[in-house]
Enquirer: 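Sharing a structure with you now.
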Amino acid sequence: MRIVFMGTPDFSVPCLRALIESKHEVVGVICQPDKPVGRKQILTPPPVKTEALSHDLRVLQPATLRNGAGRAILEELQPDLVIVVAYGKILPPDFLSYPKYGCVNVHASLLPRYRGASPIHWAILNGDSETGVTTMQMDEGMDTGDILLVKKVPIGPDDTAEELFETLSHVGAAAMLETIEAVEAGALHPVRQDNSKAVNVGLLTKQLGEIDWSKPAQQIHNQIRGLFSWPGAYTYWNGTVLKIHKARLSTQSCSKAPGTVVQTKGGLLVACGDGRCVELLEVQLAGKKRLDAMAFLNGSGLAKDMIFESPKQ
RNA sequence: CGCGGAGUAGAGCAAUCCGGUAGCUCGUCGGGCUCAUAACCCGGAGGUUGUAGGUUCAAAUCCUAUCUCCGCAA
């Protein structure tokens, strides 16, 4: 089959790779334009572009697909099918309807739960024990298309968004290949999404990382691992920001005020709102390097009974 | 030229303003103690202070250049 691949970030790369290695012909790759990135604001190509170019594929980076611009590209490339994996923009109707088999999207959640921008993170933030990948026949809505195939993945109690991201990107590639096979064989059984169970999630913001220690320990732990490694959870100490990269739930309980450092030897424990504790494993002070908790304690001056500030107090 | 912080023993920090033999916590090695510990006691090793120049009797410290790392913003 002649396939056009659309995607932009790291998540899309395993799918593109799988497509390249398959028997199908990748006739074009569409991704977002290069963007300035990092401290120096260097114009950087998205990961998908880099991967595509290393295989001598044709790469297109249109600023918009609207007003017939997207359709014109398809008319030139003549794909039978378009695969979309975290492309980053809404596809207009005249684009969706052009390919013989339409457009198929690979989405990193169990739809209709977590339609939108950051499904992986939200699954952890909400403390779900299961997520997965859904492929769907795209329609005009945001992740509202009919479901083609679902692959479930369990979420471990300490899994981080980063780890889950990696896992799902590969599960996504497998789901994609299976879906294409089914498209070819005409063996699809599209299932309509139950809109009453839909959950929409938006882009992540830094603000989400601010820890409110009066919340239950489990919830704080979910926040820390769900936002790792970006944008990351943080608290305030000594007038500056302390990022918390990794933590785990402690079995210890205590009655100290939320945010209090209750133990510094043999583990850095902080009291939470429900009387349970979170053990900080990896932290980073503003302007400093990322450190494991023990190294941080050696030189920081952080001591027992000091308090991490919660917002709005 | 977006704003800012930092490079000192294996790790994290102090000493830098006001130049004068580099100190602390941890780890490590040796010994001791304990039913026991990420526990305690005693002792030791480990540094051309990121790099290159300059000023000075003397530079981690002052001046100039350069490399690297990081927080914010985007």
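FYI, side chains are in, hydrogens and waters are out, and symmetry mates aren't considered; it's all heavy atoms of this structure. Reminder, nothing fancy here: chain letters follow the sequence lines and each chain counts from 1.
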Enquirer: In whole angstrom, give me the gap between the C1' atoms of B:A36 and B:G4.
Expert: 50 Å

Enquirer: Nearest whole Å is fine: how far is B:G10 P from A:Leu291 CG?
Expert: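 The distance from CG of A:Leu291 to P of B:G10 comes to 17 Å, rounded to the nearest Å.
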
Enquirer: Using the criterion of both pairing distances under 3.5 Å for Watson-Crick and G-U wobble pairs, give all stems of 3 or more consecutive pairs involving RNA chain B.
Expert: B:2-7 with B:67-72, B:10-13 with B:23-26, B:28-32 with B:40-44, B:50-54 with B:62-66

Enquirer: If you measure from SG on A:Cys103 to CE on A:Met136, what distance do you get to the nearest 0.5 Å?
Expert: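 Rounded to the nearest 0.5 Å, the SG-CE separation comes to 11.0 Å.
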
Enquirer: Would you call A:Asp292 and A:Lys246 a salt bridge, using N to O less than 4.0 angstrom?
Expert: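 A salt bridge is absent here (no side-chain N lies under 4.0 Å from a carboxylate O).
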
Enquirer: One thing to verify: whether A:Glu75 and A:Arg71 come together as a salt bridge, which I'm taking to mean a side-chain N less than 4.0 angstrom from a carboxylate O.
Expert: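 So A:Arg71 pairs with A:Glu75 through a salt bridge.
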
Enquirer: Please report the distance separating the P of B:U61 from the corresponding atom of B:A6, rounded so that it comes out in whole Å.
Expert: 15 Å

Enquirer: Starting from C1' on B:G7, measure out to CG on A:Leu285 and report it in whole angstrom.
Expert: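 These atoms are roughly 16 Å apart.
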
Enquirer: Salt bridge or not between A:Glu282 and A:Lys243? Use side-chain N to carboxylate O under 4.0 Å.
Expert: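 No, A:Glu282 and A:Lys243 are not salt-bridged.
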
Enquirer: B:A39 P sits how many Å from A:Met294 CE, rounded?
Expert: 10 Å

Enquirer: Within a 6.0 Å radius of atom CG on A:Asn67, are there more than 12 heavy atoms belonging to other residues, nucleotides or ligands?
Expert: no

Enquirer: Please report the distance separating the P of B:U55 from the corresponding atom of B:C72, rounded so that it comes out in whole Å.
Expert: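 Looking at atom P only, B:U55 and B:C72 are 42 Å apart.
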
Enquirer: Which one, B:A6, B:C40, B:G71, comes nearest to the side chain of A:Lys288?
Expert: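 Taking heavy atoms from C-beta onward, the closest nucleotide is B:A6.
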
Enquirer: State whether A:Asp158 and A:Arg225 are salt-bridged, where the test is any N-O pair (Lys NZ or Arg NE/NH1/NH2 against Asp/Glu carboxylate O) under 4.0 Å.
Expert: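 Judged by the 4.0 Å cut-off on N to carboxylate O distance, A:Asp158 and A:Arg225 do not form a salt bridge.
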
Enquirer: Hey, which of these two, A:Glu279 or A:Phe296, hits RNA chain B nearer its 5' end, going by closest nucleotide?
Expert: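 Closer to the 5' end of RNA chain B: A:Phe296.
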
Enquirer: How many whole angstroms separate atom CZ of A:Arg290 from atom C1' of B:G12?
Expert: 16 Å

Enquirer: Closer than 3.5 angstrom, by distance alone: can the side chain of A:Thr8 be matched with the main-chain N or O of A:Tyr87 as a donor-acceptor pair?
Expert: yes

Enquirer: OP1 or OP2 of B:G7 sitting under 4.0 Å from any side-chain N/O of A:Lys289?
Expert: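 No.
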
Enquirer: My understanding is that only residues two or more places apart in sequence, or in another chain, count here; which of them pass salt bridge (Lys or Arg N to Asp or Glu O under 4.0 Å) with A:Glu178?
Expert: A:Lys151

Enquirer: Flag the pair A:Glu76 and A:Arg58 as a salt bridge only when some basic side-chain nitrogen lies within less than 4.0 angstrom of an acidic carboxylate oxygen.
Expert: yes

Enquirer: Could you check which residues of residues 298-305 of chain A get a heavy atom under 4.0 Å from RNA chain B? Sort them by number, please.
Expert: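 Those residues are A:Asn298, A:Gly299.
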
Enquirer: When the C1' atoms of B:G47 and B:G23 are considered, how many whole Å apart are they?
Expert: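 Those two atoms are separated by 12 Å.
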
Enquirer: In whole angstrom, give me the gap between the P atoms of B:A74 and B:C29.
Expert: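 Rounded to whole Å, the distance is 48 Å.
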
Enquirer: Rounded to whole angstrom units, what separation is found between the NZ atom of A:Lys265 and the P atom of B:U25?
Expert: 11 Å

Enquirer: For atom P, what is the distance between B:U28 and B:G10, given to the nearest Å?
Expert: 15 Å

Enquirer: Pairs under 3.5 angstrom, nitrogen or oxygen only, protein versus nucleotides 72-74 of chain B, please.
Expert:
{"unit_1": "B:C72", "atom_1": "OP1", "unit_2": "A:Lys206", "atom_2": "NZ", "d": "3.0"}
{"unit_1": "B:A74", "atom_1": "N3", "unit_2": "A:Gln41", "atom_2": "NE2", "d": "3.3"}

Enquirer: With sequence neighbours excluded, tell me which residues meet salt bridge (Lys or Arg N to Asp or Glu O under 4.0 Å) with A:Glu25.
Expert: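 Per chain and number, A:Glu25 pairs via salt bridge (Lys or Arg N to Asp or Glu O under 4.0 Å) with A:Arg2.
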
Enquirer: What is the distance, to the nearest angstrom, from the CD atom on A:Gln284 to the P atom on B:G12?
Expert: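 Between P of B:G12 and CD of A:Gln284: 12 Å.
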
Enquirer: Sticking with atom P, work out how far B:A14 lies from B:G54, rounded to a whole angstrom.
Expert: 30 Å

Enquirer: Are A:Phe165 and A:Phe11, when compared by the centres of their aromatic rings, separated by less than 6.0 Å?
Expert: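 Yes - the distance between ring centres of A:Phe165 and A:Phe11 falls below the 6.0 Å cut-off.
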
Enquirer: Applying salt bridge (Lys or Arg N to Asp or Glu O under 4.0 Å) as the test, list every pair that has at least one member in residues 82-100 of chain A; sequence neighbours left out.
Expert: none

Enquirer: Could you check how far CG of A:Asp292 sits from P of B:A38, rounded to whole Å?
Expert: 17 Å

Enquirer: Okay, side chain of A:Thr134, backbone of A:Ser109: is any donor-acceptor separation there less than 3.5 Å?
Expert: yes

Enquirer: Between B:C26 and B:G46, how far apart are the two C1' atoms, rounded to whole Å?
Expert: 14 Å

Enquirer: Round to a whole Å and report the spacing from CG of A:Leu269 to C1' of B:A38.
Expert: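 In whole Å, B:A38 C1' lies 12 Å from A:Leu269 CG.
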
